[in-house]
There are 2 protein chains.
Amino acid sequence: MVDDLPEPGGLDPLELRAWRGLIEVTPLLQRHLDRLLMADSGLSGSDYPVLVALHERGEPALRSTQLADLIGWEQSRLSHHLARMESRGLVVRSRHRSDNRVAEVRLTEHGRATFRRAAKQHSQAVRTHFAEVLSSAELEALATVMETIKNHLDTA
Amino acid sequence: MVDDLPEPGGLDPLELRAWRGLIEVTPLLQRHLDRLLMADSGLSGSDYPVLVALHERGEPALRSTQLADLIGWEQSRLSHHLARMESRGLVVRSRHRSDNRVAEVRLTEHGRATFRRAAKQHSQAVRTHFAEVLSSAELEALATVMETIKNHLDTA
DNA sequence: AGACGATATATGACACGTCATGCAATTGGC
DNA sequence: GCCAATTGCATGACGTGTCATATATCGTCT
């Protein structure tokens, strides 16, 4: 009865299991890791990818657009978030020498230090709650599935 | 060089591919489907699971706590969201006869009708952008992976 | 030089989710 | 029957994401 039309309009049971699993569990996992990150570094889940990208880059500084592309965010979201991160002293924005429109984004020393501390803990958490509970075959399958979906989304 | 420490602290390349795929692509897929849903039903991605649960149930009405459990939300989130949905005329809340603390939640006729229209489109979109691009083996692997992760989260 | 379209980013309004807290109704021990 | 603890839900404050729009700068064509 409950299994009859769990989501009316008809995905078959396997499709439904996979779909619901994906959209229900992924946020749970995210939330769990975000809380750990916040608890032991004071960083939000959104801060993290920004810091990763900036940390990998070093010099020359990243412009806002490049940063957005790297982490797959919309410009507007990044602008808002950089404003918040700037007010917390994690990053700084400065104007580009020759093109006054572009904003160059850099880590502050505090940002760099905070990220370094966070990265160890966070990577460990990803291992503990994600990587280590799956086999190589499962990781491979998952990676492939995500790439397939992304390609299809980009194409469509 | 870029591949050296893509996320410092050390996930191996396969782990990283799977992890980044999961947390980057899932939100993209969500966002895409949410926009479709909003465009052709005026429903947000958050409205949908609430409506699914209420629609499947019929009578007797669901109490807020049961509803939250069914869709895996925290009470507070549900309370906020029901307030918004109520103001849009999709659901109604009423007090339980014998226990005056509990809120019984029901679909309005408008909610029911809106959901029915939305469900067809949305299921089709899930098929198009998710189920149909994957093989049965991939769906099975994905479902299993998500269940494994969830079990581990619940245990830990 | 001036006008025009394109480019790079910022901003305001609003929906959403979380956390901490509030409060009323109920239950369990005495 | 009374009081403390618990339960069920609501609320306010705040950080976040999206959409539509604004603003400033740049390149180019004339």
Side-chain angles (χ1 to χ4, degrees), chain A residues 23-24 26-39 41-50 61-88 90-105, chain B residues 23-24 26-39 41-50 61-88 90-105:
Chain A
I23 53 164
E24 288 169 13
T26 306
L28 289 180
L29 179 55
Q30 268 280 20
R31 228 159 41 78
H32 188 76
L33 295 183
D34 285 358
R35 288 208 262 237
L36 291 178
L37 185 61
M38 176 59 75
S41 312
L43 295 176
S44 76
S46 301
D47 297 333
Y48 198 78
V50 174
L62 277 169
R63 17 165 93 200
S64 186
T65 302
Q66 297 177 312
L67 182 49
D69 285 349
L70 277 173
I71 62 184
W73 284 14
E74 294 179 7
Q75 267 302 323
S76 158
R77 174 180 179 186
L78 181 58
S79 179
H80 278 301
H81 202 73
L82 287 177
R84 293 186 288 255
M85 291 179 74
E86 198 166 23
S87 82
R88 289 191 290 143
L90 293 167
V91 301
V92 281
R93 284 181 286 189
S94 52
R95 294 273 147 211
H96 188 279
R97 284 201 152 280
S98 58
D99 187 339
N100 247 311
R101 295 168 302 179
V102 337
E104 295 183 318
V105 188
Chain B
I23 53 163
E24 288 169 13
T26 305
L28 289 180
L29 179 55
Q30 268 280 19
R31 228 158 41 78
H32 188 76
L33 295 183
D34 285 357
R35 288 208 262 237
L36 290 178
L37 185 62
M38 176 59 75
S41 310
L43 295 176
S44 77
S46 302
D47 298 332
Y48 198 79
V50 174
L62 278 170
R63 22 166 89 199
S64 186
T65 302
Q66 297 177 312
L67 182 48
D69 285 348
L70 277 173
I71 61 184
W73 285 12
E74 294 180 5
Q75 265 302 322
S76 159
R77 174 181 178 186
L78 182 58
S79 180
H80 279 300
H81 202 73
L82 287 177
R84 293 185 288 256
M85 291 179 74
E86 198 167 22
S87 81
R88 290 189 289 144
L90 293 167
V91 301
V92 281
R93 282 181 288 190
S94 51
R95 294 271 146 214
H96 188 278
R97 283 201 151 279
S98 58
D99 187 339
N100 247 311
R101 293 169 302 178
V102 337
E104 295 183 319
V105 188

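Each chain gets a letter, A, B and so on, in the order its sequence line appears, and its residues count up from 1.
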#### Entry: Partner set under salt bridge (Lys or Arg N to Asp or Glu O under 4.0 Å) for B:Arg77, not counting sequence neighbours
none
### Message
Among residues at least two apart in sequence or on other chains, which ones pass ring-ring contact (aromatic ring centres under 6.0 Å, His included) with B:His80?
### Response
none
## Note on the structure
Sequence neighbours excluded, the answer for side chain to side chain contact (heavy atoms under 4.5 Å, CB included) partners of A:Ser79 is A:Arg93
### Main-chain N/O of B:Ser46 paired with B:Ser44 side-chain donor or acceptor, under 3.5 Å
yes
### Message
Which residues pass the ring-ring contact (aromatic ring centres under 6.0 Å, His included) test with B:His96, not counting sequence neighbours?
### Response
none
### Summary
Bounded by its outermost nucleotides with an atom under 4.0 Å from a heavy atom of chain A, the footprint on DNA chain D reads D:dT16 to D:dC26
#### Entry: Partners passing salt bridge (Lys or Arg N to Asp or Glu O under 4.0 Å) against B:Arg88 (at least two apart in sequence or in another chain)
B:Asp47
### Query
Who passes side chain to side chain contact (heavy atoms under 4.5 Å, CB included) against B:Arg101, sequence neighbours left out?
B:Asp99
Could you pull out the protein-nucleic contacts involving nucleotides 23-29 of chain C (nitrogen or oxygen on both sides, under 3.5 Å)?
unit_1, atom_1, unit_2, atom_2, d
C:dA25, O3', B:Asn100, N, 3.4
C:dT26, OP1, B:Ser98, O, 3.1
C:dT26, OP1, B:Asn100, N, 3.1

Can you pull every protein N or O that's under 3.5 Å from an N or O on nucleotides 10-17 of chain C?
unit_1, atom_1, unit_2, atom_2, d
C:dA10, OP1, A:Arg93, NH1, 3.1
C:dA10, OP2, A:Ser79, OG, 3.1
C:dA10, OP2, A:Arg93, NH1, 2.9
C:dT11, O4, A:Ser76, OG, 3.1
C:dG12, O6, A:His80, NE2, 2.5
C:dC16, OP1, B:Ser44, OG, 3.1
C:dC16, OP2, B:Arg84, NE, 3.0
C:dG17, OP1, B:Ser46, OG, 2.9
C:dG17, OP1, B:Arg77, NH2, 2.6
C:dG17, OP2, B:Arg77, NE, 3.4

### Query
What integer distance in Å separates A:His32:NE2 from C:dT18:P?
14 Å
#### Entry: Main-chain N/O of B:Asn100 paired to B:Arg95 side chain as donor or acceptor, under 3.5 Å
yes
### Query
For B:Gln30, what residues pass the side chain to side chain contact (heavy atoms under 4.5 Å, CB included) criterion, not counting sequence neighbours?
A:Ile23, B:Asp34
### Task
Using the test side chain to side chain contact (heavy atoms under 4.5 Å, CB included), find all partners of B:Glu74 that sit at least two apart in sequence or belong to another chain.
A:Arg31, A:Arg35
